[in-house]
S.K.: 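One structure follows; several queries about it will come next.
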Amino acid sequence: MIVVRSTAELRRALAEPRRQGKSVGYVPTMGALHEGHLALVRAARGRDDVVVASVFVNPLQFGPNEDFETYPRDEERDLGLCEKAEADIAWLPTAEELFPPGFGVTVAVPRLSGVLCGEGRPTHFAGVTTELSKILILLAPTAVYLGEKDFQQLVVMKAVVRDLGLPVEVRSVPTVREVDGLALSSRNAYLAVDERPVAASLFRTLSELATQLRAETEPVEAVLAEGRRALTEAGVNRIDYLELVDSETLDPVPAATPGNRLVAAIGIGSTRLIDNVAI
Ligand code: AMP
């Protein structure tokens, strides 16, 4: 595995494989890598000739009172894990190069970015779509691998690629979980020992609700209300949203149909967690 920082080094590293017509699979991450990220790298390894994984804590996607400064960073450990998952190139872009002084472009998908996580984090998705669009243009990979864990991000990025006609395939990878169902997340490190079992109630509740929704014995709103009660009883302090949505438009749906997504964001202490399951 080679480690590059500048886009010039990145282009040099890719020049020969591109000349040979090899496919390039790209995995964007913010580091603090775990098995969820590595599943993306392995998915790319299984399908593409050259695998590029980036580690970059994107300043644009953090709000003013969010955890940009304290977000976990451990470059050496991350590089070791990229190597273990058999990435060919680890790219550590710099903010100076991606967003030099005077950078003034925003790529945004307002219709999909203002709902769900976008309600509490109004600038978040524009930060993601601006950064990832720039990277997809610079790197021009064959495919980009994104986790279903961040379902709204996946939907928003598919819209960017489709609407701008970017020549890249978006490939999604199922969520990797702990044995008790908690979705792996770099932010799980923020959970206190006594908050950890509460965190597991999120996936448990979503799975139970999904079973009920598939059975269609009760109205959607009644099932969701029951879910909100169950989460509160389990010790969740805040429910930002718990919704059944269309998996392309993210609009709430009145009745469950296959392909809908049950999505949630909750607060436990000062930690915010998201998760989702397919219907
Ligand atoms: P992040 O480092 O949080 O920006 O995540 C980078 C990529 O890894 C995103 O596409 C995430 O959706 C994906 N990812 C994060 N956690 C998981 C997980 N538990 N399972 C699968 N993919 C994940």
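Heavy atoms only: backbone and side chains are in, while hydrogens, waters and symmetry mates are out. Keep in mind that what you see is a predicted model, and the values were worked out from it rather than measured. Order of listing sets the numbers, starting from 1, for every ligand and every atom in it.
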S.K.: May I ask you to say whether Asp240 pairs ionically with Arg272, meaning some side-chain N is under 4.0 Å from a carboxylate O?
M.R.: yes
S.K.: Is it the case that Glu9 and Ser6 place a side-chain donor and acceptor less than 3.5 Å from each other?
M.R.: yes
S.K.: Determine, using heavy atoms of Ala32 and all atoms of ligand 1, whether some pair is separated by less than 4.0 Å.
M.R.: no
S.K.: At less than 4.0 angstrom from any non-hydrogen atom of Leu40, what atoms of ligand 1 do you find?
M.R.: 7 (C), 8 (O), 10 (O), 13 (C)
S.K.: Just to confirm my output: which protein heavy-atom neighbour is closest to atom 10 (O) of ligand 1, and how far is it?
M.R.: Gly147 N, 2.9 Å
S.K.: Which protein heavy atom lies closest to atom 11 (C) of ligand 1, and at what distance to 0.1 Å?
M.R.: Asp150 OD2, 3.0 Å
S.K.: Please name the pair of heavy atoms, one in Leu206 and one in Ala264, separated by the smallest distance, quoted to 0.1 Å.
M.R.: CD2-CB, 4.0 Å
S.K.: I'd like to know if Glu16 pairs up with Arg19 as an ion pair, taking the criterion as any Lys NZ or Arg NE/NH1/NH2 lying under 4.0 Å from an Asp or Glu carboxylate oxygen.
M.R.: yes
S.K.: Going by atom types alone, do Glu66 and Gln61 pair a side-chain donor with an acceptor below 3.5 Å?
M.R.: no
S.K.: Assess whether side chain to side chain donor-acceptor pair (under 3.5 Å) is satisfied between Asp48 and Tyr145, documenting all intermediate values.
M.R.: CA-CA 11 Å; Asp48 290 305; Tyr145 292 80; 2.6 Å; yes
S.K.: Among protein heavy atoms, which lies nearest atom 5 (O) of ligand 1, and at what distance?
M.R.: His37 NE2, 3.5 Å
S.K.: So if I count the atoms of ligand 1 from 1 in the order they appear, which ones are less than 4.0 Å from some heavy atom of Leu184?
M.R.: 16 (N), 17 (C), 18 (C), 19 (N)
S.K.: Looking only at non-hydrogen atoms, which of Glu178, Gln153, Lys149 approaches atom 23 (C) of ligand 1 most closely?
M.R.: Lys149
S.K.: Classify the side-chain pair Glu208/Gln212 by whether it contains a donor and acceptor separated by less than 3.5 Å.
M.R.: no
S.K.: Can you see whether Ser270 engages Tyr190 through a side-chain donor-acceptor pair at a distance of less than 3.5 angstrom?
M.R.: no
S.K.: Pull out every atom of ligand 1 sitting under 4.0 Å from any heavy atom of His34, numbered as shown with elements.
M.R.: 15 (C), 16 (N), 17 (C)
S.K.: Who's the nearest protein heavy-atom neighbour of atom 20 (N) of ligand 1, and how far?
M.R.: Val176 N, 2.9 Å
S.K.: Which of the numbered atoms in ligand 1 are under 4.0 angstrom from any heavy atom belonging to Leu146?
M.R.: 10 (O)
S.K.: Among all protein heavy atoms, pick the one closest to atom 6 (C) of ligand 1 and tell me residue, atom and distance.
M.R.: Pro28 O, 3.3 Å
S.K.: Identify the closest protein heavy atom to atom 4 (O) of ligand 1: which residue and atom is it, and at what distance?
M.R.: Met30 CG, 3.5 Å
